[in-house]
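In what follows, a structure is listed as structure tokens, so that the remarks can point back to it.
In the text below, chain A, chain B and the rest are named by the order of the sequence lines, each starting its count at 1.
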Amino acid sequence: MDRERYSPADFESEWQRRWREQGLFAAREDDDRPRTYVLEMFPYPSGHMHMGHVRVYAIGDVLVRFLRMQGQNVLHPMGFDAFGLPAENAAIEEGIHPSVRTRENISSFRSQMEALGYAFDWDRCFATCDPHYYRWNQWFFLRMMEKGLAYRRTAKLNWCPSCATVLANEQVEDGLCWRCGTAVSEREMPQWALRITAYAQELLDDLEKLEAWPDAIVTMQRNWIGRSEGVEVAFPVEGDGEHEPIQVFTTRGDTIFGATYLVLAPEHPLTPRVTTSDRQSEVEDFASRVAATDPAVRTSPDSEKQGVFTGAYATNPFTRERIPIWVGNFVLSEYGTGAIMSVPAHDERDFRFARKYEIPIKVVVQPSVGENLSPNTMEEAFTGDGVLDESGPYTGMTSAEAREAIGAFVEEEGIGVRTVNWHLRDWGISRQRYWGTPIPVIHCERDGLVPVPDEDLPVELPQDVPFTGTGGSPLEQAEEWADVECPMCGGRARRETETMDTFVDSSWYYARYCDAANEQLPVDKEKADRWLPVDIYVGGPEHAVMHLLYFRFWHKVMRDLGLLSSDEPVRRLVTQGIVMKGGAKMSKSLGNTVSPAQMIEKYGADTVRMFILFAAPPDKDIDWNDEAVEGLYRFLARVWRLIAGRLEEVRGIAPAESVESLGGDAKNVWRTIHQAVEAVTRDIGERLMLNTAIARIMELTTALVGFKPADDAERSVLRLGFETLLFLLHPYAPHLTEELWSEMGGEGFLIGHAWPRHDPEALIADTMTLVVQVNGKLRGSVEVPIDAGKDAALEAARSEPNVARFLEGKSIRKEIFVPGRLVNFVAN
RNA sequence: GCGAGCGUGGCGGAACUGGUAGACGCGCCAGACUUAGAAUCUGGUGGCCCUAGGCCGUGGGGGUUCGAUUCCCUCCGCUCGCACCA
């Protein structure tokens, strides 16, 4: 082998083989070292890895190797999120069965991951399409059915015509399908849902516990859960008592005296019933026009507010005034009660609506005492809190006081209740597709919906089904599979042909890794509590309100089923930025992708890992830059030449343990070594600044390159430098460092060696440089002994020629001395 | 519209609790080695001024401070998230 040249292809795969054969990265169950669970979001196994994958796993890998060297017993598993549409679509287009395609993809994906040298515990690997895994999805579903957390409902659903399946609210982005970008339409259909709203309050409250999550993610979840407190009030409909009252929800009970009309959603059940006969055709026309509107357009705040008068009137229970009932296109039947009271003086939208249709406006909240807003002169609504006016007994109260008092009054009088509304809706999990977990339910004409008994799990997907892309789910056409006996009555019955949303799969996989082979339960409690919660979870921020909400919910369900004890799945969340090229996200359609496999072939895995970690801190986006990649390759080649080229100098020399007798260069190098250890340890372990840690390692390298030891004592410092460099660099460039370590005669694998510790004494220099300022402007610097006190430092500073020049003729008003940093003279 | 985050050299990015702005890398310039190139090594590299040295400089403006990229106010720009939520 050519020892002069850095040639990663010569040894990278060899080290990967040795690591694999030694089972080096398996977490130990019987081990009392402190435990850490590091996890990156598992991938959907498409045929090819992309740079986003390289990055997320590289971030995790540095942490894992670092923690292992720090003496932790680390769990770092990997698996595959293998159910989902692409494999099924490929089956329709190419006729390859999803299970075959998926198996191939997993195997090629896995070998690409291995080529990057990641320290995964492959013993615990599983794919979610494996019946050994998804049977537990079914088991969970049955437990949730028993607890009323899984239920069947008929609802208007988001329907993606391209994927031919329904989507949860979280999965619709700007009215488009999150996966394929097709416009989503609405469909009324029966479906299975999980009652995530039963945990809404806890999901909200426990956000407080997620101290080590990015604020942005916590905020997004809080907004998505969207708790709003208010009051539901009944407004009696005028007439002969044949109508039930209209329930409205409001968060602004304090403005109720200003409610001058009501608006119903067109779909509200009372809409046709309250409408007077002379208005009937107008209201019906309006309702059907609204129903025909594209839902994305309808729910856009920019679309015009329109309404029609129903001809009917209600009574404001507080003012006793007769107020008209309208129907409006902007009132949503799904939120609150599907009806609102309108307070035009204090709501922007109501204000515009009232002006447009000439409905009276009544001011009942003044910004402060003594102010006098008037409907005649107002140009916009006053939407803030203030002081009540024209509000009977509540006049003079603040908005907050009035909300409290009015809420209490409404409950006393029995005309309403204080309630809480949530933006979060139950999670619809039915998918009309094949490649997912079958929902374990049987439809029996006699017994209705019958859960599949536990002992019959898993309900496996049938292999032999037609993939035509038409006519609904392939399972619909799997007659033999769908045709079963009812477990209750033994009569003919039919399986549920819907499958579960694939977000179910990713909602608990992290727990399964703790006990991946368990055939009795999803996870054994003792093992779950041994490793959970996950200490560090790395993944993309695009999952802020989907995966990261679902799996928090699932964790609490698992806790309540007695499977584990913790309240939250993850302690620290690290979100990683995207990898771009030329300022745009890498994508096939833009043709700006960079293939990891080609990069590895050209530069080796270590260079690719180094570049992607050096370009920016983990949470920032990075732009791929071929020239910068070359730079990292040059750096590694420099390390190679430094150590491989100077082996003779350190052969048989032990690393220096102290530097008592040394001076000059050797002592400076000694200090640089310890400084590097200190900085790299802090950057990786505390600050997660994986990029600046590399910068410190580069500085150490430069110092060692320039160090020419004169005798054995100095050579022992060089030896220490080489070893330290390899230890610090190992998490980033595991192959290169193993190779050089073994060339140096080092024993064992580097991951088994203790991470270096710095000697605080070594960081202290004999002298320090003080910056000298005059009136805050830099005028010079002086070198003083490390133990120089204030007086000595000031004296030295004053006598610095340039400083003296600026002080001349001035009197010093103040002297500031920051030890180790600077001196500042304030003078005039 | 609401919420969150971010604006630093030609570029990616550093600067821990306010204390030398620009670490480290890319690029560029000069030099060494070489017949030449590649590779490598050394030095330089925010702008302006003729230099010792000085002035300006972290999106704009203002404030607090001996001292501000860092803290406060305000404006501008970009990114992300949510959005007729009553």
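- Judged by distance alone, with hydrogens and angles left aside, the side-chain atoms of A:D385 form no donor-acceptor pair with the main-chain N or O of A:S399 at under 3.5 Å.
- The residue among A:I340 and A:D215 whose nearest nucleotide of RNA chain B is located toward the 5' end is A:D215.
- Atom P of B:G10 sits at a distance of 33 Å from the matching atom of B:A4, rounded to the whole Å.
- The ring of A:F611 has its center no closer than 6.0 angstrom to the ring center of A:Y633.
- Searching all strands for a Watson-Crick or G-U wobble partner of B:A21 with both distances below 3.5 Å returns nothing.
- When ring centroids are compared, A:Y261 and A:Y357 stay outside the 6.0 Å threshold.
- Within the shown strands, nothing qualifies as a pairing partner of B:A15 under the Watson-Crick or G-U definition with both distances less than 3.5 Å.
- Taking the six-membered ring for Trp and thresholds of 30 and 60 degrees, A:F353 and A:W326 have ring planes more than 60 degrees apart, a perpendicular arrangement.
- Going from atom CG of A:N775 over to atom P of B:C55 covers 11 Å, rounded to whole Å.
- Remark: B:A68 base-pairs with no nucleotide; criterion is Watson-Crick or G-U wobble with both hydrogen-bond distances under 3.5 Å.
- Pairing partner, B:A36: none, since no Watson-Crick or wobble contact has both distances short of 3.5 Å.
- Atom C1' of nucleotide B:G81 and atom CG of A:D619 are separated by 16 Å, given to the nearest angstrom.
- Separating the NE2 atom of A:H423 from the C1' atom of B:A83 is a distance of 8 Å, rounded to the nearest angstrom.
- Distances were taken from every side-chain heavy atom of A:A615 (C-beta onward) to each of B:G12, B:G81, B:C41; the shortest belongs to B:G12.
- Distance from the side chain of A:W224 is smallest to B:A83 among B:C41, B:G53, B:A83.
- Between A:R5 atom CZ and A:R641 atom CZ the span is 10.5 Å, to the nearest 0.5 Å.
- If you check every strand for non-hydrogen atoms under 4.0 Å, A:D621 touches sugar and phosphate atoms only.
- In terms of position on RNA chain B, the residue among A:S228 and A:K814 whose nearest nucleotide sits closer to the 5' end is A:K814.
- With a 3.5 Å ceiling on both atom-pair distances, B:U51 lacks any Watson-Crick or G-U wobble partner.
- Separating the CH2 atom of A:W640 from the P atom of B:U40 is a distance of 16 Å, rounded to the nearest angstrom.
- Among the protein residues, A:F806 comes within range of the sugar-phosphate backbone only, with heavy atoms under 4.0 Å from sugar or phosphate atoms but none that close to a base.
- The C1' atoms of B:A15 and B:C24 are separated by 12 Å, rounded to the nearest whole Å.
- The pair A:E800-A:R798 does not count as a salt bridge, with every side-chain nitrogen at least 4.0 angstrom from each carboxylate oxygen.
- Figure legend. B:U42 is base-paired to B:A30; pairs are counted as Watson-Crick or G-U wobble with both atom distances under 3.5 Å.
- Across the C1' atoms, B:G59 and B:U65 are found 23 Å apart, a figure rounded to whole Å.
- Among the atoms of the strands shown, base atoms are found under 4.0 Å from some heavy atom of A:V331.
- Within 4.0 Å (heavy atoms only), A:R779 reaches sugar-phosphate atoms of the nucleic acid but no base atom.
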**OP:** Let me have a per-nucleotide readout for nucleotides 17-27 of chain B, 5' to 3', with B, S or -, counting only protein heavy atoms under 4.0 Å.
**Re:** --BB--BBSSS

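- At the phosphate of B:A15, OP1 or OP2 sits under 4.0 Å from a side-chain N or O atom of A:R687.
- Across B:C11 and B:G47, the matching P atoms stand 12 Å from one another, rounded to whole Å.
- If you take atom P in B:U20 and the same atom in B:U70, they sit 14 Å apart, rounded to whole Å.
- When side chains are defined from C-beta on, A:Q773 does not count as touching A:V823, because their heavy atoms never get closer than 4.5 Å.
- Taking atom P in both B:G43 and B:A36, one finds a spacing of 23 Å when rounded to whole Å.
- For A:R425, whose side chain is taken as the heavy atoms from C-beta onward, the closest listed nucleotide among B:C41, B:C85, B:G13 is B:C85.
- Separating the CG atom of A:L690 from the P atom of B:A14 is a distance of 11 Å, rounded to the nearest angstrom.
- Taking atom C1' in both B:U79 and B:C71, the straight-line distance is 25 Å, to the nearest Å.
- Between the CD1 atom of A:I697 and the P atom of B:A14 there is a distance of 16 Å, given to the nearest Å.
- With rounding to whole Å, A:R5 atom CZ is found 11 Å from B:A39 atom P.
- When both distances must be under 3.5 Å, the Watson-Crick or G-U wobble mate of B:A86 does not exist.
- Residue contacts for A:P541: at a heavy-atom cut-off of 4.0 Å it reaches no nucleic acid atom on any strand shown.
- Glycosidic conformation of B:G27 is anti; the angle lies outside 90° of 0.
- When heavy atoms are screened at a 4.0 angstrom cut-off, A:R813 is found touching no nucleic acid atom at all.
- Ring-plane geometry between A:H423 and A:W224 is classed as perpendicular, the angle between the planes exceeding 60 degrees on a 0 to 90 degree scale with a lower cut at 30.
- A distance of about 11 Å separates the P atoms of B:C28 and B:A39, rounded to the whole Å.
- Using N1 to N3 plus N6-O4 or O6-N4 for Watson-Crick, or N1-O2 and O6-N3 for G-U wobble, each under 3.5 Å, B:G5 pairs with B:C78.
- Taking 4.0 Å as the cut-off between side-chain N and carboxylate O, A:K356 and A:E304 count as a salt-bridged pair.
- The nearest whole Å value for the distance from the CD1 atom in A:I622 to the C1' atom in B:C11 is 15 Å.
- Considering only heavy atoms from C-beta on, A:L549 stays 4.5 Å or farther from A:W427 through its side chain.
- When the nucleotides B:G12, B:C55, B:A86 are ranked by their closest atom to the side chain of A:K777, B:C55 comes out on top.
- Here A:T255 contributes atom OG1 and A:D347 contributes atom CG; the two are 8.5 Å apart, rounded to the nearest 0.5 Å.
- Using a 4.0 Å heavy-atom distance criterion, A:N421 is classed as making no nucleic acid contact.
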